[in-house]
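Attaching a single structure in structure tokens format; questions to follow.
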Amino acid sequence: MEFFKGISILKTLSLKQILLFFVYVILIFFVKWVLLLVLRKWMKSDLAKNRVLPTIEAILNWATFYGTILLFLFYFSNESWLFSAIYEKDGVEVSLVLIIVAIMIITFTSRLVKAFNAHIMPFIYEKFDVDIGLSFTINRLIYYVVMFIALLISFQTVGLDMRAFAVVLSTLGIGIGFGLRNVAANFVSGIIILFERPMEVGETVEIEEKVGQISKINLRSTIITHKGGRLVVPNQYFIEQIINSRSGEQLTAEVHVSVPFGTDSHKVETLLYEAVELVNVPSSPTIRFIAFRQSALEFSVQLPFQDGADKDEIESKLRHAIANIFTKNKIELASCTEIIHTLKNS
């Protein structure tokens, strides 16, 4: 029986045809799933898992996606509605087939460029010793240039005049330019960052007292990963503000300790060195007697640590160690003695 009786262009389709098509689609996805399952069990080496398997998985995903589209085109190739003109532009009759082809050009190009940047370019960067920031910039430029060409080809396929398209864009640009000036500023700032490279992916920066690592630079915003989560920072901020780069800087955990005036300063310094040893950080500390405060002697303990370690956690462990070793040696902290004296006087 006819399934789409109410729609003239699809009235030749039957329910059996539709169900059979979906059975074929499910079969394609099932075959892909079985192949991936077999490959995951068969590939044991790290090289195969990290490089070969992702490439094969990407190819199978492509084959599944475009195989489904090609199946649709061949399965319904005898249907007139597939090739009937939806509209005509400059003598070009645009049918559903042409629209699907245009979409396939865009999606296939996007997948191909991403796969090229992910699986081919790293070998080139490794051979020529290209740093991570420059490699990210090159990947972005390749993607945007190729996608722009693919869009032009797909628009031409469906009969769109690019000159008229440019005129429409320029007209709209005048109207909406004021409303999108911040977006445009961020877009231009993103291009400046990618070309001028004042900062790069992998660089450690400080934004509003948060220290994090740049994980991704987009055309509109930059992603910074830190221990509290992720920051999405507009690119214009990096161009207009003074950014403190922490890359190459020696990261240091620092704790200040005050003891009552009259305490043996040499003994305090020795105990602080012993406390640092309890923290188990493989670096040499810097312990200094830095100031005389009101009725107190102030010491500074600086402990360098490796990038990626948790500064707050190291400082917390250091405070615990100092508190424990001071308690064992009957050394009081200045603030504690002041509170005790205040309570006694009251």
Side-chain angles (χ1 to χ4, degrees), residues 32 35-36 39-40 42-67 69-70 101-157 186-205 212-226 230-235 238-239 243 245-248 307-308:
K32 185 200 82 168
L35 287 174
L36 285 177
L39 288 171
R40 288 193 181 102
W42 178 58
M43 294 183 177
K44 300 296 185 181
S45 65
D46 292 336
L47 177 63
K49 288 182 178 179
N50 297 330
R51 294 210 172 178
V52 179
L53 185 59
T55 304
I56 296 177
E57 188 172 357
I59 293 173
L60 287 176
N61 288 334
W62 293 5
T64 303
F65 179 76
Y66 294 106
I69 295 178
L70 292 175
V101 169
I103 294 174
M104 286 181 66
I105 291 173
I106 296 173
T107 56
F108 180 76
T109 303
S110 176
R111 287 170 178 261
L112 188 64
V113 175
K114 286 180 179 179
F116 179 78
N117 286 339
H119 303 293
I120 304 298
M121 293 303 291
F123 293 100
I124 299 175
Y125 298 144
E126 186 176 345
K127 182 177 180 180
F128 292 97
D129 195 24
V130 179
D131 62 80
I132 186 172
L134 181 58
S135 64
F136 182 85
T137 301
I138 294 173
N139 285 347
R140 280 289 173 182
L141 290 177
I142 292 173
Y143 181 80
Y144 291 132
V145 170
V146 174
M147 285 305 300
F148 180 74
I149 296 173
L151 285 172
L152 291 179
I153 294 174
S154 61
F155 287 157
Q156 292 287 347
T157 302
N186 288 321
F187 183 83
V188 173
S189 299
I191 294 176
I192 293 173
I193 291 173
L194 288 174
F195 276 97
E196 193 175 285
R197 298 172 62 205
M199 58 197 60
E200 303 173 354
V201 173
E203 185 172 348
T204 302
V205 295
Q213 195 172 57
I214 297 177
S215 57
K216 193 174 185 180
I217 300 176
N218 297 316
L219 279 181
R220 193 195 68 83
S221 61
T222 296
I223 308 299
I224 297 176
T225 305
H226 63 103
R230 295 197 311 166
L231 291 175
V232 181
V233 184
N235 287 329
F238 290 100
I239 302 300
I243 306 298
S245 176
R246 304 290 290 270
S247 294
D307 190 10

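Along the sequence shown, residues are numbered consecutively beginning with 1. Values in this document were obtained by computation on a predicted structure and should not be read as measured data.
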**OP:** Working to the nearest 0.5 Å, report the span between CG of Leu231 and CD1 of Ile224.
**Re:**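 If we round to the nearest 0.5 Å, Leu231:CG and Ile224:CD1 are 6.0 Å apart.
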Subject >> Ser215 side chain to Ile223 backbone, donor-acceptor under 3.5 Å >> reply: yes
**OP:** Looking only at non-hydrogen atoms, find the nearest pair between Arg140 and Ile217 and report the distance.
**Re:** NE-O, 3.8 Å
Original post:
Atom CD1 in Ile59, atom OG1 in Thr64: separation rounded to 0.5 Å?
Top reply: 11.5 Å
Original post:
Which residues pass the ring-ring contact (aromatic ring centres under 6.0 Å, His included) test with Phe116, sequence neighbours left out?
Top reply: none
**OP:** Compare every heavy atom of Ile105 with every heavy atom of Ala150, then report the nearest pair and how far apart it is.
**Re:** O-CG2, 4.0 Å
Subject >> side-chain contact (heavy atoms from CB on, under 4.5 Å) partners of Leu36, counting only residues at least two apart >> reply: Lys32, Arg40, Glu57, Leu60
Subject >> Residues in side-chain contact (heavy atoms from CB on, under 4.5 Å) contact with Phe65, at least two apart in sequence or another chain >> reply: Ile69, Thr107, Arg111
Subject >> Point-to-point distance, once rounded to the nearest 0.5 Å, from NZ of Lys216 to OG of Ser221 >> reply: 9.0 Å
**OP:** Decide side-chain contact (heavy atoms from CB on, under 4.5 Å) for Met147 and Ile106; before the verdict, give the C-alpha distance in whole Å, the side-chain angles of both, and the deciding distance to 0.1 Å.
**Re:** CA-CA 7 Å; Met147 285 305 300; Ile106 296 173; 3.9 Å; yes
